[in-house]
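Convention: sequence-line order gives letters A, B, ...; per-chain numbering from 1. Please read all numbers here as calculations on a predicted model, not as lab measurements.
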Amino acid sequence: MSTPDTFALVDCNNFFVSCERLFQPELRGKPVVVLSNNDGCIVSRSGEAKKLGIPMGGAFYKVRDIVARHGVCWRSSNFSLYGDLSQRVMRILQSFARDVEVYSVDEAFLAFPFVREDIEDVGRLLTRQVEMWTGIPVSIGFAPNKTLAKIATDRAKKHPAAGGVCSLVHASEEQRNAVLAEVPVGDVWGIGRRMGPFLMQQGIQTAYDLKHAPEWLVRKHLTVQGARLVRELRGDVCFPLARTVPKKTIASTRSFRRYITDKRELAEAIATYVGRAARRLRGQSSYASLVTVYIRTNPFSTRYPQYHKSATVAVPVPTASTPRLLTSALAALDTIFAPGFHYQKAGVIFSGLLPMHVWQRTLWGEGEAEQEQDDALMRALDSMNKKWGDGTVFVARQGVQQPWSMRQDHKSRRYTTSWQELLHVKIS
DNA sequence: TCTGGGGTCCTAGGACCC
DNA sequence: TCTGGGGTCCTAGGACCC
């Protein structure tokens, strides 16, 4: 594939809040926030909530007073709803461009093999279409590469008069420089918490400064990824559109509703996470060869002593079988568990993933029958859970009560993915 | 009382080999 | 007396993203 001539980034505005508003019109025009798992952090804010100074990613309990004073509405996160709406948006984008990279739940890069004069009209058509068909407002930025498209999209959001569209495709060098000079260096895609302040210290305040950073500084202090980023600011293409490839690691981690001190409860949580991650592993037709388990106390706590540890074990034979992966995970837990601590979070990570068919081809018959049996059993389990709902069949070790499972006090219904929770509309 | 979850990529440093 | 150095592979951990 030759290098595309135009890149676009489509970004859903306040995505989780927009999803909640779609089915709860009473939330429109009000300050709204959506919280992370366990109702811990703020992960999405409406424009009204941003204006109140509620920080993105901040701890919810720290802004309780603002919430009370201004009547801010809040919702626990509802990922099955967001995932479903995300897919609908992405399908529409795929009808606009052949090359689409779904970058995250609320963002996608598009590539076009042409440069057109009327690209902003295309953008307006696209944003209208998405909003009309899904109810989700989006912004779009066009540019000659991904890094600049990201900047264009941010600009589109800041200047709503332009209809949620911004293009840097036809901008002259001077115009582009003027735009870059308004972007703080820390807001550039790929410059984070550590590099941002460091670059500022070096006198590099804006994206424009970074674009013109001296070569020695780029080589000495930026990673290869950082050097590519600088080249993209200059207009080169260093980050091509990525194809959808299988994940290299699959993780399931959660913090608990309350502290766990009991090893048996910790094992229940681990078993639950193994089940969840193993299902996603099978979803991409992979086997895992390594299982990592980690446990930790609350790093913010000053009341209790700190402890965190992880262990990685190789499974005897790469597998996607929940019970076999669980055996390895519990063995790993045995090596790291220490009594007397208040555990706040645990996680399971599968790595060393390989495609099932590749593995099976290299198998020499040894263990093949067992593996086929495992796979058949898991297929049956997955299809039952798909048919009758999650949690119909599970490994007993997961526990039934799960008193440690996460807190979600203000969760909206699964309007689009659960028959029991479908939106009922009265037609008179 | 209460601070998320799931990823990718890169680098440094140790082990090992010749 | 004087005890190398370069390459590769692996892993842990950091930085960054949404």
- Query: Heavy atom of residues 181-198 of chain A under 4.0 Å from DNA chain C: which residues?
  - Reply: A/Val188, A/Trp189, A/Gly190, A/Ile191, A/Gly192, A/Arg193, A/Arg194, A/Met195

- Item | Residues within residues 40-55 of chain A bordering DNA chain C, heavy-atom distance below 4.0 Å | none

Remember a base hit wins even if backbone is also touched, and classify [X] as base, sugar-phosphate or nothing at under 4.0 Å, heavy atoms.
X        : answer
A/Gln408 : nothing
A/Arg254 : sugar-phosphate
A/Arg228 : sugar-phosphate
A/Thr312 : nothing
A/Asn38  : nothing
A/Asp39  : nothing
A/Val224 : sugar-phosphate
A/Arg257 : nothing

- Are A/Tyr259 and A/Tyr304 near enough that their ring centres are under 6.0 Å apart? yes

Taking the side chain as every heavy atom from C-beta outward, state whether [X] and [Y] have any atom pair closer than 4.5 Å.
X        : Y        : value
A/Ile250 : A/Gln284 : yes
A/Ser44  : A/Phe15  : no
A/Val183 : A/Val188 : yes
A/Ser77  : A/Asn37  : yes
A/Leu281 : A/Lys247 : no

- Please check if the side chain of A/Asp209 supplies one atom and the backbone of A/Gln205 the other of a donor-acceptor pair under 3.5 Å. yes

- Message: Looking at A/Asn145 and A/Thr147, would you say the former's side chain and the latter's main chain have a donor-acceptor pair under 3.5 Å?
- Response: yes

- Item | Covered region of DNA chain B, 5' end to 3' end, by chain A [heavy atoms, under 4.0 Å] | B/dC2 to B/dT11

- Item | Residue whose closest nucleotide on DNA chain B lies nearer the 5' end, A/Tyr259 versus A/Ile250 | A/Tyr259

- Message: Both A/Phe256 and A/Thr249 contact DNA chain B. Which one's nearest nucleotide lies toward the 5' end?
- Response: A/Phe256

- Any idea how A/Tyr103 and A/Trp189 line up, ring-wise: parallel (<30°), tilted (30 to 60°), or perpendicular (>60°)? perpendicular

- A/Lys309 atom NZ, over 12 foreign heavy atoms within 6.0 Å: no

- Task: For nucleotides B/dT3 and C/dC17, find the distance between their P atoms and express it as a whole number of Å.
- Result: 25 Å

- Note on the structure: Stems with DNA chain C, 3 or more Watson-Crick or G-U pairs in a row (under 3.5 Å), are B:5-18 with C:5-18

- Spacing of A/Thr312 atom OG1 and A/Phe350 atom CZ [to the nearest 0.5 Å]: 12.0 Å

- Taking only residues at least two apart or on different chains, which pairs with a member in residues 268-285 of chain A satisfy salt bridge (Lys or Arg N to Asp or Glu O under 4.0 Å)? A/Arg264-A/Glu268, A/Arg279-A/Asp390, A/Arg282-A/Asp382

- Do A/Lys146's NZ or CZ and the ring of A/Phe239 fall within the cation-pi criteria of under 6.0 Å and 45°? no

- Message: Under a 3.5 Å threshold, yes or no: a donor from one side chain and an acceptor from the other, between A/Ser46 and A/Asn14?
- Response: no

- Item | Close approaches to DNA chain B from residues 60-74 of chain A, in residue order (heavy atom, under 4.0 Å) | A/Tyr61, A/Lys62

- Inspect the contact between A/Arg88 and A/Asp84 and indicate whether a charged nitrogen and a carboxylate oxygen are less than 4.0 angstrom apart. yes

- Task: Quickly, which of A/Asp11, A/Asn13, A/Asp154 forms a side chain to side chain donor-acceptor pair (under 3.5 Å) with A/Ser139? Name it, please.
- Result: A/Asn13

